[in-house]
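Comments concern the structure below.
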Amino acid sequence: MKEIVFKNRKNGMMVLLLTVLLYLAALGGCIWSGVLMEQGVNTVVWLVISIVWLCLGWIPAMGLKVLGPQEALVLTLFGKYIGTLREEGFYFVNPFCSAVNPAAATRLKQSGDVGGIRKSLQEQGLNVNMGAAVPNRKISLKVMTLNNDRQKINDCLGNPVEIGIAVMWRVVDTAKAVFHVDNYKEYLSLQCDSALRNIVRMYPYDIAPNVDTTGDGIADEGSLRGSSELVADRIRDEIQRKVEDAGLEILEARITYLAYAPEIAAVMLQRQQASAVIDARKMIVDGAVGMVEMALQRLNENQMVTLDEERKAAMVSNLLVVLCGNHDVQPVVNSGSLY
């Protein structure tokens with residue numbers, strides 16, 4: 001369905017003034033007709049016209065519509081889509097037109113939803129009376145943020161992780177948003193969940209060997225923790241592809257929470273600590289071997305001390321113990337011979 005935008009209906013003020021003037025004229029006509037009828041003048045026609053207008057003159061006022069910036073109104077006439085008001089202004093349309101917004105009463109965890117704030121306050125034990133909830137038939141064209149709930153998803157290695165995303169979106173085609181899907185807000189929320197699961201399953205939480213995350217058949221170093229920008233872009237593209245028919249535009253998607261699931265978080269923390277200790281030890285050993293090699297080379301070059309193979313082995317052992325130890329060195333002074 002193609003969107004039809006009304007741009008030449010901004011004559012609401014003129015219709016409002018005309019309606020008020022006709023009401024004043026009808027009221028004056030009733031009084032004037034009554035006075036003339038007392039004088040014997042037949043003014044029944046004018047009296048009937050004035051009374052009819054006073055009874056039915058409110059009908060044109062039903063066609064007055066006021067729109068603010070970044071608001072739209074989808075109009076139908078007897079079930080048929082006739083057009084959309086998108087620009088701010090004071091409009092007059094067919095009084096029998098009705099505005100359609102199937103997502104007017106839907107409240108998600110996103111910006112602009114008062115219902116979510118009221119529910120949160122009530123959960124905290126606060127009695128909040130914010131008035132009767134009257135669904136607003138206007139469709140917001142502003143950029144909104146959908147904060148999706150955390151989900152537990154298995155990564156490509158089967159490890160359960162918890163991840164949450166925030167999606168920035170807006171309505172770009174009101175006709176598609178209203179008529180192509182039943183409720184475009186709920187549709188967006190469900191598609192966000194589906195796209196998140198599809199993308200997260202392709203990546204490990206951390207860098208893992210022999211894992212292909214791009215689908216080109218070559219192992220790479222992509223991961224949820226290290227490639228968050230790339231993962232977020234792929235999630236955005238996946239959501240955009242799914243909501244294209246709903247007239248929505250996904251501007252940005254960002255990962256707001258990422259962690260291992262509680263049941264394996266402690267084990268994975270120990271694994272990360274062990275990996276860090278191994279990497280640190282490897283670096284210490286590499287540096288110690290280089291220092292021992294440099295020390296032996298300097299001694300040989302300067303010919304300060306002549307060491308046989310046994311003394312070299314003892315010196316290498318002592319230096320490695322000193323350089324690779326976890327505690328401060330406690331030297332032992334040898335006052336005798338090595339033999």
Side-chain angles (χ1 to χ4, degrees), residues 1-10 12 63-77 79-91 93-94 97-119 133-149 164-196 198-199 232-254 256:
M1 182 173 292
K2 186 177 180 181
E3 184 182 48
I4 303 173
V5 180
F6 289 147
K7 296 183 178 180
N8 56 350
R9 303 292 182 92
K10 294 183 180 181
L64 299 176
K65 308 293 182 182
V66 179
L67 287 184
Q70 296 297 317
E71 290 182 345
L73 206 60
V74 177
L75 301 176
T76 60
L77 181 62
K80 181 180 179 181
Y81 170 65
I82 60 171
T84 301
L85 305 177
R86 290 185 65 102
E87 298 179 358
E88 65 272 15
F90 194 10
Y91 292 85
V93 295
N94 192 319
C97 288
S98 58
V100 181
N101 184 6
T106 303
R107 295 291 178 258
L108 302 176
K109 289 185 177 179
Q110 63 182 20
S111 56
D113 281 340
V114 179
I117 300 175
R118 177 168 51 189
K119 182 178 179 181
V134 179
N136 186 5
R137 298 298 179 182
K138 297 177 182 177
I139 298 176
S140 176
L141 303 179
K142 302 174 183 178
V143 177
M144 290 182 284
T145 303
L146 172 61
N147 189 13
N148 234 30
D149 292 332
I165 60 172
V167 179
M168 276 63 75
W169 65 283
R170 65 180 178 184
V171 178
V172 293
D173 192 314
T174 57
K176 289 182 177 181
V178 172
F179 299 112
H180 280 200
V181 294
D182 183 56
N183 188 318
Y184 62 90
K185 287 185 179 181
E186 293 181 355
Y187 181 80
L188 173 64
S189 180
L190 292 175
Q191 295 305 324
C192 287
D193 294 343
S194 174
L196 183 62
N198 291 339
I199 300 300
D233 290 340
R234 293 189 66 176
I235 293 174
R236 182 190 65 82
D237 295 340
E238 180 77 5
I239 299 173
Q240 180 62 65
R241 184 178 62 82
K242 292 178 178 294
V243 301
E244 190 74 31
D245 291 337
L248 306 180
E249 180 184 7
I250 308 301
L251 302 176
E252 190 178 11
R254 283 290 175 264
T256 57

Inset, instruction - Please name the pair of heavy atoms, one in Ile82 and one in Cys97, separated by the smallest distance, quoted to 0.1 Å. - result: CD1-SG, 3.2 Å

Inset, instruction - Report yes or no: does Lys138 contribute a side-chain atom to a donor-acceptor pair with the main-chain N or O of Val66 at less than 3.5 Å? - result: yes

Inset, instruction - Test Leu141 against every option in Arg170, Glu71, Arg86 by the side-chain contact (heavy atoms from CB on, under 4.5 Å) rule and name the one that passes. - result: Arg86

Inset, instruction - Quick one: pull up CZ in Arg234 and CG in Asn198 and give me the separation to the nearest 0.5 Å. - result: 10.5 Å

Inset, instruction - Apply side chain to side chain contact (heavy atoms under 4.5 Å, CB included) to Ile250 and Leu188, showing your working. - result: CA-CA 10 Å; Ile250 308 301; Leu188 173 64; 3.8 Å; yes

Inset, instruction - Kindly indicate, with the supporting measurements, whether the criterion side chain to side chain contact (heavy atoms under 4.5 Å, CB included) is fulfilled by Val167 and Gln191. - result: CA-CA 11 Å; Val167 179; Gln191 295 305 324; over 6 Å; no

Legend entry - Residue pair Ser189 / Asn148: nearest heavy atoms and the distance that separates them: OG-OD1, 3.9 Å

Inset, instruction - Taking the side chain as every heavy atom from C-beta outward, state whether Tyr187 and Asp182 have any pair of such atoms under 4.5 Å apart. - result: no

Inset, instruction - Quick one: pull up CG in Leu196 and CD1 in Ile165 and give me the separation to the nearest 0.5 Å. - result: 4.5 Å

Legend entry - Minimal non-hydrogen separation, Glu3 against Asp173, with atom names: CB-OD1, 3.6 Å

Inset, instruction - State the SG-NZ distance between Cys192 and Lys242, to the nearest 0.5 angstrom. - result: 11.0 Å

Inset, instruction - Could you grab the distance from atom CZ of Arg236 to atom CZ of Arg241, nearest 0.5 Å is fine? - result: 13.0 Å

Legend entry - side chain to side chain contact (heavy atoms under 4.5 Å, CB included) between Ile4 and Tyr81, worked out: CA-CA 9 Å; Ile4 303 173; Tyr81 170 65; 4.2 Å; yes

Inset, instruction - State whether the side chain of Glu252 and the backbone N or O of Met168 hold a donor-acceptor pair below 3.5 Å, judged by distance alone. - result: no

Inset, instruction - Heavy atoms only: give me the nearest Ala195-Ile239 pair and the separation to one decimal. - result: CB-CG1, 3.5 Å

Inset, instruction - For Tyr91, enumerate each residue passing the ring-ring contact (aromatic ring centres under 6.0 Å, His included) test, keeping only those at least two apart in sequence or located in another chain. - result: none

Inset, instruction - Identify the heavy atoms of Arg254 and Ala232 that sit nearest to each other, and give their distance. - result: NH1-CB, 3.7 Å

Legend entry - Atom pair CZ (Phe6) and OG1 (Thr84), whose distance is rounded to the nearest 0.5 Å: 8.0 Å

Legend entry - Minimum side-chain heavy-atom gap Asn101-Tyr184 below 4.5 Å: yes

Legend entry - Val171 and Leu248: CA distance, side-chain angles, deciding distance, side chain to side chain contact (heavy atoms under 4.5 Å, CB included) verdict: CA-CA 5 Å; Val171 178; Leu248 306 180; 3.7 Å; yes

Legend entry - Nearest heavy atoms of Arg137 and Ala99, plus distance in Å: CB-CB, 3.7 Å

Legend entry - Leu75 CG to Leu85 CG distance, which is reported to the nearest 0.5 Å: 5.0 Å

